[in-house]
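Notes follow once the structure below has been shown.
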Number of protein chains: 2
Amino acid sequence: MEETFLEAVKEKMRQKGYKITGPRLAIIRYLTREKGHPDIQEIFEDIRVEKPGIGMATVYRTVSLLLELGILRAITLRGHHLRYELNWPDHHHHHLVCNRCGQVTEFGNCNFQLMSGEIEQVTRFKIEEHALEAYGLCPQCLSARLDYSTENI
Amino acid sequence: MEETFLEAVKEKMRQKGYKITGPRLAIIRYLTREKGHPDIQEIFEDIRVEKPGIGMATVYRTVSLLLELGILRAITLRGHHLRYELNWPDHHHHHLVCNRCGQVTEFGNCNFQLMSGEIEQVTRFKIEEHALEAYGLCPQCLSARLDYSTENI
DNA sequence: CTCACTTTTGATAAGCATTATCATTGCCTG
DNA sequence: CAGGCAATGATAATGCTTATCAAAAGTGAG
Ligand SMILES: [Zn+2]
Ligand SMILES: [Zn+2]
Ligand SMILES: [Zn+2]
Ligand SMILES: [Zn+2]
């Protein structure tokens, strides 16, 4: 899976005339390993461990390139700075964020197509994509809060 | 409606010990008039017309205050900078953005509660809020594109 | 209404994140 | 394995947001 994806990425870069360089490969490999939602600073710091000489500008440039190629996906949670994740094929999902500890979980149960038809009828738009984020309390913070309210009785 | 809302805002500010000042009133009045989704720069420029002396710092501070009080709502479209709209009571809605011209339309047909129960079961989160944005082509851009593809036959 | 107290304001400086610049390095094709 | 051109890394520049602080304005008591 990872290898096939990496080859597809390289092929896409070659087709568009971009060079496959050391820094770019390191960043792509890192992103295929990393399963979370790192921001640009985290990407920079993690890459620096294996490639100490890399510059922040290169990380910015590579992330922009991967976004342009559709390899990377950017998400915003509560309007905070951007976080990134690989755009694996056939993996439609959204994010659930804990309001207390910030933990991010993914969920795939998306029924958006049930409302999109009606929205298209009402607005006359043709819908192409959508973004959805849910906010609440994760299981850990939920039980912590329950304990707290019990204390207060 | 507008007057009732304005009074409710004033009351909320008094309760929290915030002073009702000229600049703050001007910004709130402007936001009740404005029906779009201005960003901080647009708010600043529009307010400056009626209150030429106002400083950018005050606009930033007032927007933060209104967000804290739940009077204002912030939205991000495609991870771009924040845009704002008043949090009118009982007006749950989301945004539909044209990928070509950027036009923003609101829609109220939201079936999120149909999926939230299942997501809560799977993830064990307690969901409190959600944000949803749809992207596509507005009616104008849609017909423009249809014309264009006809030309190309 | 006036005064005294406290918050708010506006101008300015400071702080960060992102982008632009440019000489040097390093892919890639032949 | 060399030449050409894109990419890199260091640094400067830009732009947006927050912090600072003296002056102004809102509030509540008298
Ligand atoms: Zn949590
Ligand atoms: Zn979806
Ligand atoms: Zn449009
Ligand atoms: Zn909704």
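Numbered from 1 within each chain, the chains take letters A, B, ... in sequence-line order.
A donor-acceptor contact under 3.5 angstrom links the side chains of B:His37 and B:Glu106, judged on distance only. A donor-acceptor pair shorter than 3.5 Å can be found between the side chains of A:Glu85 and A:His93.
Of the side-chain N and O atoms in A:Tyr60, one or more sit less than 4.0 angstrom from OP1 or OP2 of C:dT18. Checking the phosphate oxygens (OP1, OP2) of C:dT8, no side-chain nitrogen or oxygen of B:Thr21 falls inside 4.0 Å.
Note: NE2 (A:His80) to P (C:dC16) measures 17 Å, nearest angstrom. Atom CZ of A:Phe44 and atom C1' of C:dT19 are 15 Å apart (whole Å). Between A:His81 atom NE2 and D:dC16 atom C1' there is a gap of 16 Å when expressed in whole angstrom units. Computed from coordinates, the B:Met56 CE to C:dT8 C1' distance equals 18 Å when rounded to whole Å. Spacing between atom CG of A:Leu25 and atom C1' of C:dG26 amounts to 13 Å, rounded to whole angstrom units. Computed from coordinates, the A:Arg24 CZ to C:dT25 C1' distance equals 14 Å when rounded to whole Å. For the pair B:Lys51 NZ and C:dT8 P, the interatomic distance rounds to 15 Å; values are reported in whole Å. Look at OH on A:Tyr18: it is 12 Å from C1' on D:dA7, rounded to the nearest Å.
Salt bridge status for A:Glu11 with A:Arg14: present, with a side-chain N to carboxylate O gap under 4.0 Å.
Between B:Leu86 and B:Leu66, the closest side-chain pair of non-hydrogen atoms is not below 4.5 Å.
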Apply the test side chain to side chain donor-acceptor pair (under 3.5 Å) to residues B:Asn111 and A:Glu118: give CA-CA distance (whole Å), side-chain angles for both, the deciding distance (0.1 Å), then the verdict. CA-CA 11 Å; B:Asn111 286 339; A:Glu118 199 180 335; 5.0 Å; no
For nucleotides 11-14 of chain D, list the nitrogen or oxygen atoms of the protein found under 3.5 Å from its nitrogen or oxygen atoms, one pair per line.
none

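The aromatic rings of A:Phe112 and A:His130 lie parallel to each other, with less than 30° between the two planes, well short of the 60° mark.
Remark: B:Arg78 is positioned above the aromatic ring of B:Tyr135, its terminal NZ or CZ atom under 6.0 angstrom from the ring centre and at most 45 degrees off the axis.
Comparing C:dG26, C:dT19, C:dT7 by their nearest atom to the side chain of A:Lys19 picks out C:dG26. Distance from the side chain of B:Ile54 is smallest for C:dG10 among the nucleotides C:dG26, D:dT17, C:dG10. Considering only the side chain of B:Ile40, D:dT17 comes nearest among D:dT17, C:dT8, D:dA7.
If B:Ile20 and B:Ser64 are placed on DNA chain D by their nearest nucleotide, the residue sitting closer to the 5' end is B:Ser64.
Looking at B:Arg14, its side chain has no donor and acceptor atom pair within 3.5 Å of the base of D:dG26. In the interface, the side chain of A:Arg61 is paired with the base of D:dG9 through a donor and an acceptor atom under 3.5 Å apart.
Counting non-hydrogen atoms under 4.0 angstrom, A:Gly53 reaches the backbone sugars and phosphates but no base.
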